[in-house]
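Read the structure below first, then the notes.
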Amino acid sequence: MKNKFEQQLEQLDIQLTDRQKEQFDQYYEILVEWNKVMNLTGITEYDEVNEKHFVDSLAIVKAVDMRQVKKVIDIGTGAGFPGIPLKIAFPHLNIVLLDSLKKRINFLNEVVSNLGLDHITTLHGRAEDFAKKAEYREQFDLCVSRAVANLSTLSEYCIPYIRTGGMFIPYKSGTIDEELRQSEKAVLMLGGKIEETVKFQLPDTEIGRSFVRIKKIAETKKKYPRKAGLPAKEPLS
């Protein structure tokens, strides 16, 4: 008998091996354990974590064929969403998880080690700083982020990491139209182009989601991202 998690993933055409199911369960256990001493998530009930963190993270398959992607960076990964669920479900991925809080990085390292994940790197610092480093700038096929910043700000953090021809796909709520209009100019300034928005509901839920497909069509000018704090304080417009 399939559990709810497996049924929801089936609707995304994702089938897990026994080992992958085990890894998701281990991830859940470590998350709940660490959450007792630090604030990683407000959601701790098993089915809810599966649905609102794991299924949600993997729903990006509605916007991009993950089998065609190799190098991924997850900006502002927090407790590892969506990066770690993507790595578990698509083991071929080479993933970088970036977060500004050292305690969260310690948690992520524990997850990576316990789950036996390889080709996954954690970075402690700000997106604005690592985007200036040659080994990360314009090196990725796909940049993802579930961070809550508005799209102009998020684009300045994320687009510099993507190679020309790659994609930036932020995880957004169902109501995105106004934010999209406000960010069009910023995306272009950064070398991106908004291709389409994929809107849907998470399987068997009322939760509305939007994935914005932003394609990198030109190199990002050297001056972006601006120095730490500015993208959030003064979004490009």
Side-chain angles (χ1 to χ4, degrees), residues 57 60 63-64 66 68-84 86-87 93-109 112 119-172 176 179-180 182-195 211-237:
S57 293
I60 196 171
V64 64
M66 293 305 296
Q68 304 300 316
V69 174
K70 286 194 177 71
K71 288 184 77 177
V72 181
I73 187 164
D74 177 5
I75 301 289
T77 186
F81 310 123
I84 289 179
L86 288 173
K87 177 65 188 173
L93 294 175
N94 194 320
I95 290 195
V96 173
L97 306 173
L98 185 142
D99 200 84
S100 60
L101 199 66
K102 186 71 175 91
K103 283 198 295 192
R104 285 199 288 255
I105 294 294
N106 294 341
F107 163 75
L108 296 170
N109 288 337
V112 167
H119 303 297
I120 185 164
T121 309
T122 58
L123 289 182
H124 171 236
R126 283 175 168 273
E128 301 98 315
D129 298 331
F130 278 101
K132 300 285 188 193
K133 295 178 192 273
E135 65 265 43
Y136 301 110
R137 190 176 183 87
E138 306 202 311
Q139 294 300 310
F140 294 89
D141 305 319
L142 174 66
C143 177
V144 291
S145 184
R146 281 210 327 174
V148 291
N150 76 59
L151 194 51
S152 297
T153 300
L154 211 46
S155 294
E156 189 170 352
Y157 290 147
C158 293
I159 291 176
Y161 286 95
I162 314 163
R163 63 171 175 79
T164 306
M167 302 288 294
F168 163 42
I169 303 184
Y171 287 60
K172 288 289 184 181
I176 182 76
E179 196 179 331
L180 268 183
Q182 290 169 353
S183 67
E184 267 174 22
K185 204 167 150 201
V187 168
L188 277 173
M189 286 162 80
L190 294 158
K193 177 176 184 273
I194 297 173
E195 282 198 328
F211 287 116
V212 185
R213 283 173 50 93
I214 297 172
K215 187 164 189 180
K216 181 82 168 260
I217 55 170
E219 279 188 20
T220 303
K221 290 181 183 143
K222 291 277 186 283
K223 63 180 173 181
Y224 301 119
R226 292 164 296 161
K227 69 174 192 289
L230 265 184
K233 268 197 222 104
E234 300 168 20
L236 294 172
S237 60

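A quick note: this is a predicted structure, and the numbers were derived from the prediction, not measured. Basis for what follows: all heavy atoms, side chains included, without hydrogens, waters or symmetry-related copies.
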Kindly compute the distance separating [atom1] ([X]) from [atom2] ([Y]), expressed to the nearest 0.5 Å.
| X | Y | atom1 | atom2 | result |
| --- | --- | --- | --- | --- |
| I162 | I217 | CD1 | CD1 | 11.5 Å |
| N109 | I120 | CG | CD1 | 9.5 Å |
| H124 | L98 | NE2 | CG | 9.0 Å |
| I60 | I169 | CD1 | CD1 | 4.5 Å |
| I73 | I95 | CD1 | CD1 | 10.5 Å |
| K193 | I214 | NZ | CD1 | 11.5 Å |

Is there a side-chain contact between [X] and [Y] in this structure, where contact means two heavy atoms from C-beta onward sitting under 4.5 Å apart?
| X | Y | answer |
| --- | --- | --- |
| V144 | R146 | no |
| L154 | S183 | no |
| E219 | T164 | yes |

Heavy-atom pair with the smallest gap, counting every atom of [X] and [Y]:
| X | Y | answer |
| --- | --- | --- |
| P82 | Y171 | CB-OH, 3.2 Å |
| G83 | L97 | CA-CD2, 3.7 Å |
| K172 | V148 | NZ-O, 4.5 Å |
| I75 | S145 | O-OG, 2.9 Å |
| K87 | L93 | NZ-O, 2.7 Å |
| D99 | L101 | OD2-N, 3.0 Å |

Partners meeting side-chain hydrogen bond (donor to acceptor under 3.5 Å, both in side chains) with [X] (sequence neighbours left out):
| X | result |
| --- | --- |
| E184 | none |
| N106 | K102 |
| S57 | none |
| E195 | R213 |

Can you pull the salt bridge (Lys or Arg N to Asp or Glu O under 4.0 Å) pairs that have at least one residue in [range], sequence neighbours excluded?
| range | result |
| --- | --- |
| residues 124-138 | R126-E128, E138-K216 |
| residues 69-81 | none |
| residues 162-171 | D141-R163 |

Inter- and intrachain pairs under side chain to side chain donor-acceptor pair (under 3.5 Å), touching residues 224-237, at least two apart: E156-R226

Expected output: side-chain T220 to main-chain L190 donor-acceptor under 3.5 Å: yes

Flag, side chain of T153 to backbone of P231, donor-acceptor distance under 3.5 Å: yes

Worked verdict on L86 versus M66 for side-chain contact (heavy atoms from CB on, under 4.5 Å): CA-CA 9 Å; L86 288 173; M66 293 305 296; 4.3 Å; yes

Selection residues 126-161 - residue pairs positive for ring pair (Phe, Tyr, Trp, His ring centres under 6.0 Å), sequence neighbours left out: F130-Y136

